[in-house]
Student: 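A single structure is presented below for examination.
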Amino acid sequence: MFGGIGAAGFWLLTEPKRLDEATVAALGVGDAGRGERIFWAGGCASCHARPGAEGDALLELAGGLAMVTPFGTFIPPNISPDPDDGIGKWSLGDFANAMMRGVAPDGSHLYPAFPYTSYARMQPADVADLHAYMQTLPAVSGKAPAHQLSFPFNLRRGLGLWKLVNFGDGPVIALAADAPERVALGRYLVEGPGHCGECHTPRNVTGGSDTSRWLSGAVAAEGEGVVPNITPHESGIGLWSAGDIANYLETGFTPDYDSVGGSMVAVQRNMARLRAEDRDAIAAYLKAIPPHPNGYPARK
C-alpha cells in the first residue's frame with residue numbers, strides 16, 4: 001500500500017508543467033525580423049548547426065553536436081522546420097512550452113542540456129518572434145542521434161524532481177528600482193536568451209546552477225578545462241571597463257589584445273551580430289552584478 005502511495009506521489013510531483021492557456025494565447029503572432037536578433041542572442045546555431053558549420057550552413061539546424069558530460073552524452077536535435085525530422089509540425093504553443101518550461105510536445109520533460117532554465121526568463125513575445133524566424137530557415141532532413149545516457153539519467157520523468165530544485169523563471173540578480181534601462185536590458189539578455197550562466201556559473205551536486213556564485217566561473221560541462229569568472233571581481237573581469245567588454249563581444253579581442261578561444265569563439269560571433277546597444281547593455285550588467293572570486297577549483 002505504502003509503495004503505491006509513494007509511486008503516486010512521485011508521479012504527481014514529477015508531472016511536466018506546461019504554460020497556462022492564457023500565456024499561450026497571449027503569444028500572438030511572431031515577427032521573423034525581430035526574431036533574428038533573438039536567434040543570435042540565444043546562440044541556437046552554436047549547438048544545433050552541424051559540427052564545423054560556417055557561413056550559411058549555420059542556419060541549417062540539423063543538430064548532431066556531441067556534448068559529453070558527467071551525466072552522459074547529449075546530442076542537440078534537429079530543430080530545422082523539417083516537418084518529419086525537425087520541428088516543422090510544432091505549434092507556437094509547443095515551441096513556447098519547450099523554451100520556457102522544458103516540456104516537449106508529447107508531454108515529456110526535456111533535458112536541461114537544452115538551456116530552458118534560462119529561456120524561461122524570456123519575454124513571451126520574443127519567443128514568438130524566434131519561432132517565426134526559425135520557420136524561415138532551411139528545412140533539413142535527417143534526425144540527430146539519440147542521447148547516450150545510463151540509468152538513472154535516462155529516466156526523463158525524474159527530471160520533474162530536478163526541476164523542483166533547480167527551475168524557476170524569476171531574475172537571478174535583483175536590480176534597484178532606479179537601475180539604468182541598459183542594465184535591465186543587459187540582465188534580460190544575459191540571464192534569458194543569452195544563457196551565459198549555463199556555462200559561467202558553478203553547478204551544485206544535482207547539476208543545477210549555484211546562483212549564489214552567479215557567473216563566477218565553472219569547470220567546463222565536458223569535465224575538462226574551466227570557464228572564466230565574468231563578474232567584476234579581481235579574479236574575473238574587474239579590471240575591464242564596460243567599453244572593453246562591449247569591444248570584446250564585438251571583435252573577439254581582450255583589452256590586452258589576446259583573442260577569444262575555445263567554445264567562446266562561437267558565442268562571440270553570435271554576440272557580434274547583435275545591435276551595439278545590446279552589447280553595451282550586456283557590458284553594463286556585467287559591471288553591475290556582485291563580484292565573486294573564482295567559482296572553479298584553483299589549478300594545482
Side-chain angles (χ1 to χ4, degrees), residues 36-61 64-69 76 115 118 182 185-187 189-202 213-289 291-300:
E36 182 176 6
R37 167 178 170 253
I38 302 303
F39 178 85
W40 295 115
C44 308
S46 299
C47 287
H48 290 278
R50 293 187 181 93
E54 298 284 346
D56 290 343
L58 287 170
L59 301 180
E60 298 174 0
L61 305 180
L65 175 71
M67 302 169 63
V68 182
T69 78
S118 292
R182 67 180 181 278
L185 173 59
R187 179 177 69 174
L189 292 170
V190 170
E191 297 185 9
H195 63 280
C196 306
E198 303 292 340
C199 287
H200 287 277
T201 299
R213 296 184 289 165
W214 180 242
L215 301 182
S216 65
V219 174
E222 296 81 2
E224 296 182 3
V226 296
V227 181
N229 183 341
I230 55 171
T231 75
H233 189 270
E234 61 182 8
S235 64
I237 55 174
L239 297 180
W240 292 27
S241 68
D244 291 334
I245 298 170
N247 183 69
Y248 173 73
L249 295 175
E250 180 181 11
T251 68
F253 288 101
T254 68
D256 57 2
Y257 301 103
D258 194 5
S259 59
V260 63
S263 59
M264 188 63 192
V265 171
V267 176
Q268 183 274 317
R269 288 176 179 172
N270 295 333
M271 294 291 104
R273 294 174 182 260
L274 297 183
R275 307 174 306 187
E277 54 262 44
D278 289 334
R279 292 188 294 271
D280 290 342
I282 291 170
Y285 169 79
L286 292 178
K287 295 297 290 184
I289 63 175
H292 291 288
N294 283 337
Y296 46 83
R299 294 180 178 178
K300 296 181 179 178

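Atoms considered below: every heavy atom in the structure, side chains included; atoms not considered: hydrogens, waters and symmetry mates.
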Student: Count the heavy atoms of every other residue, nucleotide or ligand shown that sit under 6.0 Å from CG of D56, and state whether that count exceeds 12.
Tutor: no

Student: Write down the atom of M67, the atom of C47, and the distance for their closest heavy-atom approach.
Tutor: SD-SG, 4.5 Å

Student: Quickly, which of I289, I245, L215 forms a side chain to side chain contact (heavy atoms under 4.5 Å, CB included) with I230? Name it, please.
Tutor: L215

Student: Return the minimal non-hydrogen interatomic distance between P228 and Y296, and the atom names on each side.
Tutor: CA-CE2, 4.1 Å

Student: With a 4.5 Å cut-off on side-chain heavy atoms, are R37 and L189 touching?
Tutor: yes

Student: Quick one: pull up CG in L249 and CE in M264 and give me the separation to the nearest 0.5 Å.
Tutor: 6.0 Å

Student: Would you name the heavy atoms of A57 and A49 that are closest together and state the gap between them?
Tutor: O-CB, 4.2 Å

Student: Spell out, as yes or no, whether a donor-acceptor pair under 3.5 Å connects the side chain of R187 to the backbone of Y285.
Tutor: no

Student: Please examine the side chains of R269 and L58, heavy atoms only from C-beta on, and report whether any two atoms are closer than 4.5 Å.
Tutor: no

Student: Under 3.5 Å, side chain of N229 to main-chain N/O of G295, donor-acceptor pair present?
Tutor: no

Student: Got a second to check how far H200's NE2 is from R213's CZ, nearest 0.5 Å?
Tutor: 15.5 Å

Student: Answer whether the closest heavy-atom distance between the side chains of F39 and L61 falls below 4.5 Å.
Tutor: yes

Student: Is there a side-chain contact between V260 and Y248 (heavy atoms, below 4.5 Å)?
Tutor: yes

Student: Of all the heavy-atom pairs spanning S46 and L65, show the shortest one and how long it is.
Tutor: O-CD2, 3.7 Å

Student: Between M271 and A41, what is the shortest heavy-atom contact and its length?
Tutor: CE-O, 3.9 Å

Student: Using a 6.0 Å cut-off, check whether atom CD of E277 has over 12 heavy atoms from anything other than its own residue.
Tutor: yes

Student: Would a distance-only check, ignoring hydrogens and angles, find a side-chain to backbone donor-acceptor pair under 3.5 Å from Q268 to E250?
Tutor: yes

Student: Does a donor on one side chain and an acceptor on the other come within less than 3.5 Å for T231 and H233?
Tutor: no

Student: For L274, is there any backbone N or O sitting under 3.5 Å from a side-chain donor or acceptor partner on R279?
Tutor: yes

Student: Ignoring hydrogens, what is the shortest heavy-atom contact between A246 and A283? Give both atom names and the distance.
Tutor: N-CB, 4.0 Å

